[in-house]
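A short worksheet on the structure shown next.
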Amino acid sequence: MEPGHRLHGRPAVSTKVSRRWGCHVYGPDYKDHRLVIMTNSAKLNQAMGLHRSSTSKKQKVQPITKVVKNDENSVNLSLASITSNLHDISTPNRPISSDLAYNSWVVEHPSALGSFDRMMKAAKGKRMVVFLDYDGTLSPIVDDPDRAFMSDEMRAAVREVAKYFPTAVISGRSRDKVKGFVQLSNVYYAGSHGMDIMVPPRPLNPCDGKNHTTTMDKKASDVLFQPAKRFLPAIQEIRILLEEITRKIEGARVEDNRFCISVHFRKVRDEDYDILEAKVKSVLENYPEFHLTFGKKVLEVRPSIEWNKGHALEYLLDTLGFSNSSDVLPLYIGDDRTDEDAFKVIRSRGLGFPIIVSSTPKDTKACYSLQDPSEVLTFLLRIARWRKASSSSRSLAQIWGPGNLPRSVN
């Protein structure tokens, strides 16, 4: 997973973990568990004769498989058929990293696969709500954003998870675009970093705010929550200007994500990046209500409103009736800096599982880690299998809560 072009002065985040956070929710024995990991890691490194590396080696994520068809019902992969092709998911068969920095980082952000039994022990008796990023999480990072397809196996795994848990995909892509990639009707979608959310019709919380526009989608009879709707005319003006100024920069590409605009520079030569960034900033000088953020090989223009993926997570929990429930445990899997806002919300709740997808050490508020989308696939399959085994004594209505059953079950 490759980081953005630069950190732009982002402050370092402490990796010290407090027991009161929802990170390691399995309680007081965490300290002993952490010491065991540190001791084993140190012994392993010593036995292998490893030396500290000045730079971490990046691992390029390969697509899990090619997508074949664009129809939700065209692929009927069962949970058993997928897991039968995987290695023993209780002990992932992955090469041991020779990078001491990564090994040390994993001590503070242990593998969600290696910690699975402890995590599910903490989740027992609680209602888990699953939130997923898209790019770099459900699909590999690729040079062409339009070809960031998720595999048939991943789609089947997400579908299976959504049978047992309320599940939402929160992406920087437009809601329609990410829905077109995922192609599932039993999940909720939040596009444009949560500025475009579709949920079933329910009474809205008064704290939604005067600038937050809520409308009914006549086709699906669902509620569209769009806190940045008033910025749409200006966003289109900016998009046109950005397309004009980037035409002469080879490899640059502008993507319209409806409530935000992405300028991709994954194919831009290193010597042209500063020119591209300066041109984008020059456009924003005439639009003070917008600001620039930096992601993985992408510059993103967004309205300057107090809204991000963390707010989207809170809104979805609230709208689905889970915000004030002490037995609700949110799980969020993401790989980018924009997902840190969601990690922060889960930590502030004091209960939940923030999981980062990364094969290199990075500052993060996540408490667990997965290396790449292939491990995300394994983890999703495992929680679906865990809930399937435990749901024999609990009805789906108990798991989801009244009125929240997915359409495929209703």
Side-chain angles (χ1 to χ4, degrees), residues 1 61 63-65 67 72 75-94 110-120 122-123 126-140 148-171 178 181-189 313 329-335 339 342-343 346 352-359 366-391 396 399-400 406 408:
M1 310 298 293
V61 178
I64 301 169
T65 185
V67 66
E72 174 188 346
V75 181
N76 186 20
L77 299 177
S78 69
L79 189 62
S81 67
I82 302 174
T83 54
S84 65
N85 293 322
L86 297 175
H87 295 291
D88 181 1
I89 57 181
S90 62
T91 54
N93 184 22
R94 304 196 61 85
S111 166
L113 291 175
S115 307
F116 185 83
D117 290 339
R118 285 175 174 267
M119 294 168 70
M120 294 307 103
K126 294 181 171 60
R127 289 184 292 169
M128 195 185 311
V129 185
V130 177
F131 298 93
L132 304 166
D133 176 37
Y134 184 75
D135 292 277
T137 300
L138 298 181
S139 74
F149 301 123
M150 66 190 298
S151 68
D152 294 337
E153 289 86 353
M154 184 69 84
R155 182 174 294 105
V158 175
R159 182 190 295 116
E160 193 74 13
V161 166
K163 287 180 182 178
Y164 300 103
F165 310 98
T167 302
V169 177
I170 305 179
S171 173
V178 75
F181 277 134
V182 178
Q183 304 168 21
L184 294 175
S185 61
N186 63 340
V187 303
Y188 305 110
Y189 295 94
L313 183 151
L329 192 152
L331 180 151
Y332 188 104
I333 307 177
D335 74 306
D339 300 306
F343 297 155
I346 292 180
F353 301 131
I355 305 171
I356 190 167
V357 183
S358 180
S359 60
C367 301
Y368 298 94
S369 64
L370 294 167
Q371 287 201 5
D372 52 41
S374 67
E375 285 201 349
V376 174
L377 170 63
T378 303
F379 183 81
L380 293 178
L381 289 170
R382 197 167 182 192
I383 62 172
R385 190 169 71 178
W386 171 79
R387 178 57 84 196
K388 185 176 183 179
S390 63
S391 62
L396 286 178
I399 295 171
W400 278 71
S408 61

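The figures here come from the full heavy-atom set of this structure, side chains too, leaving out hydrogens, waters and symmetry mates.
The backbone N or O of Ala112 lies less than 3.5 Å from no partner atom in the side chain of Ser115, so there is not a single donor-acceptor pair. A donor-acceptor pair under 3.5 Å is absent between the side-chain atoms of Ser374 and the main chain of Asp372, judged by distance alone.
The distance from atom CZ of Arg155 to atom CG of Leu184, rounded to the nearest 0.5 Å, is 6.5 Å. Here the CD atom belonging to Glu375 is positioned 12.0 Å from the CZ atom belonging to Arg382, to the nearest 0.5 angstrom. Here the straight-line distance linking atom NZ of Lys388 with atom NZ of Lys163 works out to 7.0 Å at 0.5 Å rounding. A distance of 9.0 Å separates CG of Asp133 from CD1 of Ile170, quoted to the nearest 0.5 Å. Atom OH of residue Tyr368 and atom CZ of residue Phe343 lie 13.0 Å apart, to the nearest 0.5 angstrom. We find the CG-CE distance between Leu329 and Met119 to be 8.5 Å, quoted to the nearest 0.5 Å.
Taking the side chain as every heavy atom from C-beta outward, Arg385 and Tyr164 never approach each other to under 4.5 Å.
Residues satisfying the ring-ring contact (aromatic ring centres under 6.0 Å, His included) test with Phe379, not counting sequence neighbours, are Phe116. Under the side chain to side chain donor-acceptor pair (under 3.5 Å) criterion, Tyr332 pairs with Asp339, sequence neighbours left out.
Smallest separation of non-hydrogen atoms from Asp135 and Ala148: OD1-CB, 3.4 Å. A pairwise comparison of heavy atoms in Ala162 and Thr167 identifies CA-OG1, 3.4 Å as the closest pair. Closest approach of Ile355 and Ala366 over heavy atoms only: C-CB, 4.1 Å. The shortest non-hydrogen separation linking Val178 to Ser171 is CG2-CB, 3.8 Å. Nearest approach of Ala342 to Leu313, heavy atoms of both residues: CB-CD1, 4.2 Å. What you find for Pro373 and Ser139 is that their closest heavy atoms are CG-O, 3.7 Å.
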Leu113 and Leu370: side chain to side chain contact (heavy atoms under 4.5 Å, CB included), yes or no, with the steps?
CA-CA 7 Å; Leu113 291 175; Leu370 294 167; 3.8 Å; yes
Side chain to side chain contact (heavy atoms under 4.5 Å, CB included), that's the test. Do Leu380 and Leu138 meet it? Break it down for me.
CA-CA 10 Å; Leu380 293 178; Leu138 298 181; 4.1 Å; yes
Intermediate values then yes/no, side chain to side chain contact (heavy atoms under 4.5 Å, CB included), Glu160 and Leu381:
CA-CA 8 Å; Glu160 193 74 13; Leu381 289 170; 5.7 Å; no
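Between Tyr134 and Phe181, the ring planes lie parallel to each other; the angle is under 30°, not in the 30° to 60° tilted range.
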